[in-house]
Amino acid sequence: MTSAPVNLWTEPEWAQRYLGIRDALPHRMEGFAVLVELLPERVDRVLDLGTGDGFTLGLVRELRPESRGVGLDFSEEMLGRARERFSDDDHVEIRRHDLDEPLPADLDGFDLITSSFAIHHVVDARKRALYAEVAGRLRPGGRFLNLEHVASPTPELHRVFLEAIGVRPEEDDPSNKLTPVESQLAWLRELGLVDVDCVWKWRELALLAGDRPNLPDS
């Protein structure tokens, strides 16, 4: 009998633990700096997958104030914090949604879909299915920016990564389901996105990007 994949993010203490250490993660903000650099010039609608406390969505709203955003998460702790962050912002909707499940049918037509350190908590089959949903929910010319935790090429490099972020091997997050960059880029290309690239990487932290093609001129 196969056991269900572990995901500790349903536990408030696990979310609180992450929020307590995330600002100290080496090079994390470098990845966000590149994400900011790649924001489309105009964003009318943005969807943030695994929004957490709304950090990434808040960044987009600050830099693209014309945008309307939707943030999805399944952690009650994170949802509470995100709703508090956007309590005075009627341009943002925060919804409960588990990324293990298909995206809600009414969410479509986005100029930008973002995610930061969330999609690696779902198994590979669901990752690829989610990427297909992302590709289908982007408007022509829309962009996907996924700041993600990816797999190291070797166990030794994974050990070195853990050491670099101050985590002992026995403390490694059992919720992580890490996938190599190359596999994820291949999926995005197969799904029809263009200009797909890993545009920034530090060890197991990477920013993956791709665009939905524009419609051909009539």
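As the structure is a prediction and not an experimental result, all values here were calculated from the model. All heavy atoms count here, side chains included; hydrogens, waters and symmetry mates do not.
Note that CZ of Arg81 is 13.0 Å distant from CD of Glu76, once rounded to the nearest 0.5 Å. Expressed to the nearest 0.5 Å, how far CG of Leu207 lies from CG of Leu35 amounts to 5.5 Å. If you take CG on Leu178 and NE2 on His121, they are separated by 8.5 Å, rounding to the nearest 0.5 Å. Put simply, CZ on Arg212 and CZ on Arg137 are 11.0 Å apart, with the number rounded to the nearest 0.5 Å. Taken from CE in Met78 to CZ in Arg83, the straight-line distance is 13.5 Å, to the nearest 0.5 Å. We find the CG-CD distance between Asp111 and Glu66 to be 9.0 Å, quoted to the nearest 0.5 Å.
The shortest non-hydrogen separation linking Ala135 to Leu191 is CB-O, 4.1 Å. Between Ala118 and Leu99, the shortest heavy-atom distance links the atoms CB-CD1, 4.5 Å. Nearest heavy atom pair, residue Leu63 against residue Leu39, reads CD1-CD1, 4.0 Å. The two residues Pro40 and Leu112 make their nearest non-hydrogen contact at CD-CD1, 4.0 Å. Thr114 and Val46 get closest at one heavy-atom pair: OG1-CG2, 4.3 Å. The shortest heavy-atom contact between Arg64 and Arg42 is NE-N, 4.5 Å.
Residues passing the salt bridge (charged side-chain N to carboxylate O under 4.0 Å, His left out) test with Arg128 are Glu190, sequence neighbours excluded. Residues forming a side-chain contact (heavy atoms from CB on, under 4.5 Å) with Asp106 (at least two apart in sequence, or on another chain): Arg95, Pro104. The side-chain contact (heavy atoms from CB on, under 4.5 Å) check on Thr154 picks up Glu156, Leu157, with sequence neighbours excluded. Partners of Glu37 under the salt bridge (charged side-chain N to carboxylate O under 4.0 Å, His left out) rule, at least two apart in sequence or in another chain, do not exist in this structure. Taking the salt bridge (charged side-chain N to carboxylate O under 4.0 Å, His left out) definition, one finds that Asp23 meets it with Arg28, sequence neighbours left out. By the ring-ring contact (aromatic ring centres under 6.0 Å, His included) test, His149 is found to be paired with His120, Phe161, residues two or more places apart in sequence or in another chain being considered. Remark: Phe110 pairs with no residue by the ring-ring contact (aromatic ring centres under 6.0 Å, His included) rule, at least two apart or across chains. The salt bridge (charged side-chain N to carboxylate O under 4.0 Å, His left out) test applied to Glu204 returns no partner, not counting sequence neighbours. For Glu101, the side-chain contact (heavy atoms from CB on, under 4.5 Å) partners at least two apart in sequence or on another chain are His97, Asp98. Scored by the ring-ring contact (aromatic ring centres under 6.0 Å, His included) test, Phe86 finds no partners at all (sequence neighbours excluded). In this view, Arg68 and His91 satisfy the side-chain contact (heavy atoms from CB on, under 4.5 Å) rule, not counting sequence neighbours.
Side-chain contact check for Val196 versus Phe144: every heavy-atom pair is 4.5 Å or farther apart. A 4.5 Å side-chain heavy-atom check between Asn146 and Leu188 finds every atom pair outside the cut-off. Looking only at side-chain heavy atoms (C-beta outward), Tyr131 and Ile119 come within less than 4.5 Å of each other. For the pair Val60 and Asp48, the minimum side-chain heavy-atom distance is 4.5 Å or more. In this structure, the side chains of Leu185 and Glu182 stay at 4.5 Å or more apart for every pair of heavy atoms. At a threshold of 4.5 Å between non-hydrogen side-chain atoms, the residues Leu49 and Leu103 count as touching. With contacts defined as side-chain heavy-atom distances shorter than 4.5 Å, the pair Trp187/Thr179 qualifies. Residues Lys177 and Arg126 have side chains not in contact (no heavy-atom distance under 4.5 Å, counting atoms from C-beta outward).
Residues Leu25 and Leu59 are members of one and the same hydrophobic cluster, defined by side-chain heavy-atom contacts under 4.5 angstrom among Ile, Leu, Val, Met, Phe, Trp and Tyr. Linking Ile, Leu, Val, Met, Phe, Trp and Tyr residues whenever their side-chain heavy atoms come within less than 4.5 Å leaves Leu147 and Val122 in two separate clusters. Using a 4.5 Å cut-off between side-chain heavy atoms of Ile, Leu, Val, Met, Phe, Trp and Tyr, with links allowed through other members, Phe74 and Leu130 fall into different hydrophobic clusters. In the hydrophobic cluster analysis, where Ile, Leu, Val, Met, Phe, Trp and Tyr join through side-chain heavy atoms closer than 4.5 angstrom, Leu72 is grouped apart from Ile94. Under a hydrophobic clustering in which Ile, Leu, Val, Met, Phe, Trp and Tyr are joined whenever their side-chain heavy atoms come within less than 4.5 Å, directly or via other members, Ile113 and Leu57 fall into different clusters.
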Mind running side chain to side chain donor-acceptor pair (under 3.5 Å) on Ser175 and Asp173 for me, showing each step along the way? CA-CA 5 Å; Ser175 307; Asp173 187 351; 3.1 Å; yes
Salt bridge (charged side-chain N to carboxylate O under 4.0 Å, His left out), that's the test. Do Arg143 and Asp211 meet it? Break it down for me. CA-CA 4 Å; Arg143 179 162 294 167; Asp211 296 346; 2.7 Å; yes
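Remark: side-chain polar atoms of Asp73 are paired, donor with acceptor, to backbone N or O of Ser75 under 3.5 angstrom.
With hydrogens and angles left out, the side-chain atoms of Ser116 and Thr56 include a donor and acceptor closer than 3.5 Å.
Sequence neighbours left out, the pairs with a member in residues 193-203 that pass side chain to side chain donor-acceptor pair (under 3.5 Å) are His27-Trp202.
Salt-bridge check for Asp53 with Arg85: passed, with a basic side-chain N closer than 4.0 Å to an acidic carboxylate O.
Counting non-hydrogen atoms of neighbouring residues, nucleotides and ligands closer than 6.0 angstrom, the CD atom of Glu163 reaches no more than 12 such neighbours. Within a 6.0 Å radius of CD in Glu41, no more than 12 heavy atoms belonging to other residues, nucleotides or ligands are found.
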